[in-house]
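Written below as structure tokens is the structure these notes are about.
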Amino acid sequence: MCCRYLLLREHLNKMLEQLGVRGVSELASRYNIAPGTKIPAVRTARPKADVRELVSLRWGLVPAWSKNDEPGAGLVNARAESLEGKPSFREAFDSRRCLIPASGFYEWKALGRSRQPWLFQLRDAQPFFLAGLWESWLAPDGGRLETCAVITTEPNQLMQPIHHRMPAILPTRVVERWLDPAAKSAGLREFLAIFPASEMQARPVSSRVNSVVNDDEGCIAAADTQTGASDDQLAWDL
DNA sequence: CCAGACGTTGTT
DNA sequence: GTCTGG
DNA sequence: CCAGACGTTGTT
DNA sequence: GTCTGG
């Protein structure tokens, strides 16, 4: 991803239940979630630090100090390597971390002039949480705009042949601590370690996912063998 | 000191 | 080529 | 991330 | 708001 993912309804509800977030989401399964749109996220409620809440945030972070209109759609990604140094991320990393539930994400591999989308999932297609940051921006007209960004890391061995960055996947054991307001940045950085390739799987999918107007199961259908993805599959061995 | 940027991605 | 919208 | 637009005037 | 460049 850095910029496109999927989230199945049953996965979201299962994860919310495990986190103790009240209520069942009415969200329908999504197969093509894109930047600039509202996405589901879980964050620590305020002022009750022990309560998690499900919120809808626009994907594209706008720092609180931004002037007038937000530039473009905001910052879609935040490099794990820069979280503490960059003014745009520092405060959010300190105190506004969130979880972005996902069933899988897409990355495009350049193939000459064209690009082949690949679907990345955990083994057994289990859902997971991506590490995110959120912000609340006060618009000139007094309105509030709540936004978020997905943190990225260097690629693991599975991603390496496809792309040079990947979203930060939080291991299950650190999910609660990622939301803990008392967590220290030194510890938090460890949570963003490159996720083990051995716990993931990937396969080329239909170019139907290229266009955001397509948001259905066709997006995760196997790629046409015509597209040239087969050569990559042969080289697929960790 | 003030002014102006503040970010990532990919591609060339 | 570059920006915007989804 | 990819796809698709990218512009103004005046007239209907 | 805070950092960087001049």
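Quick note: numbers below take in every heavy atom, side chains included, and nothing from hydrogens, waters or symmetry partners.
The distance from atom CH2 of A/Trp59 to atom C1' of B/dT9 is 12 Å, rounded to the nearest whole Å. A straight line from CZ of A/Arg208 to C1' of D/dA3 spans 15 Å, rounded to a whole angstrom. As a whole-Å value, the separation of A/Leu61 CG from B/dT9 P is 14 Å. Here the P atom of nucleotide D/dC1 and the CD atom of A/Gln116 are 16 Å apart, to the nearest Å. D/dC1 atom P lies 8 Å from atom CD of A/Glu107, rounded to whole Å. Atom pair A/Trp108:CH2 and D/dC2:C1' shows a separation of 7 Å (rounding to whole Å applied). A straight line from OH of A/Tyr106 to C1' of C/dG6 spans 15 Å, rounded to a whole angstrom. Atom pair A/Arg79:CZ and B/dC6:P shows a separation of 15 Å (rounding to whole Å applied).
Where DNA chain C pairs in unbroken runs of 3 or more (Watson-Crick or G-U, both distances under 3.5 Å), the stems are C:1-6 with D:1-6.
A/Val212 and A/Trp118 fall into different hydrophobic clusters, where Ile, Leu, Val, Met, Phe, Trp and Tyr residues are linked whenever their side-chain heavy atoms come under 4.5 Å apart, directly or through other members. When hydrophobic clusters are built by joining Ile, Leu, Val, Met, Phe, Trp and Tyr residues whose side-chain heavy atoms come closer than 4.5 Å, directly or via intermediates, A/Leu19 is grouped together with A/Leu122. Residues A/Tyr5 and A/Trp134 do not share a hydrophobic cluster, defined by chaining ILVMFWY side chains whose heavy atoms lie under 4.5 Å apart.
Between A/Ser211 and the phosphate of C/dG6, there is no side-chain N or O to OP1/OP2 separation shorter than 4.0 Å. Taking only side-chain nitrogens and oxygens, A/Lys86 comes nearer than 4.0 Å to OP1 or OP2 of B/dG7. Note on A/Arg4: every side-chain N or O is 4.0 Å or more away from OP1 and OP2 of C/dG6. Between A/Asn210 and D/dA3 there is a side-chain N or O to OP1 or OP2 distance below 4.0 Å. OP1 or OP2 of B/dT9 sits under 4.0 Å from a side-chain N or O of A/Thr152.
Spacing of P atoms, C/dC3 relative to B/dA5, comes out at 15 Å, to the nearest Å. E/dG1 and B/dT8 have their P atoms separated by 22 Å, with the value rounded to a whole Å. B/dT9 and D/dC1 are spaced 9 Å apart, taking the C1' atom of each and rounding to whole Å.
When the nucleotides C/dG6, E/dT2, B/dT8 are ranked by their closest atom to the side chain of A/Asn77, B/dT8 comes out on top. Comparing D/dC1, E/dT2, B/dT8 against the side chain of A/Cys3 picks out D/dC1 as the nearest. Comparing atom distances between the A/Ser88 side chain and each of B/dC6, C/dG6, E/dC3 picks out B/dC6 as nearest. When distances run from any side-chain atom of A/Ala34 to the nucleotides B/dC6, B/dT9, C/dG6, the shortest one goes to C/dG6. Nearest nucleotide to the side chain of A/Leu75, out of B/dG7, B/dC6, C/dG6: B/dG7. Considering only the side chain of A/Lys67, E/dG1 comes nearest among D/dC2, B/dT8, E/dG1.
In this structure, A/Val42 and A/Leu179 have side chains that are in contact, with non-hydrogen atoms separated by less than 4.5 Å. Side-chain contact check for A/Gln18 versus A/Lys14: some heavy-atom pair is nearer than 4.5 Å.
In terms of the side chain to side chain contact (heavy atoms under 4.5 Å, CB included) criterion, residue partners of A/Ser88 (sequence neighbours excluded) are, by chain and number, A/Pro63, A/Trp65, A/Leu75. Scanning for side chain to side chain contact (heavy atoms under 4.5 Å, CB included) contacts around A/Ala168 gives A/Ala131, A/Ile151, A/Thr153, A/Leu192, with sequence neighbours left out.
Looking at every heavy atom in both residues, A/Trp137 comes nearest to A/Ala64 through CD1-O, 3.7 Å.
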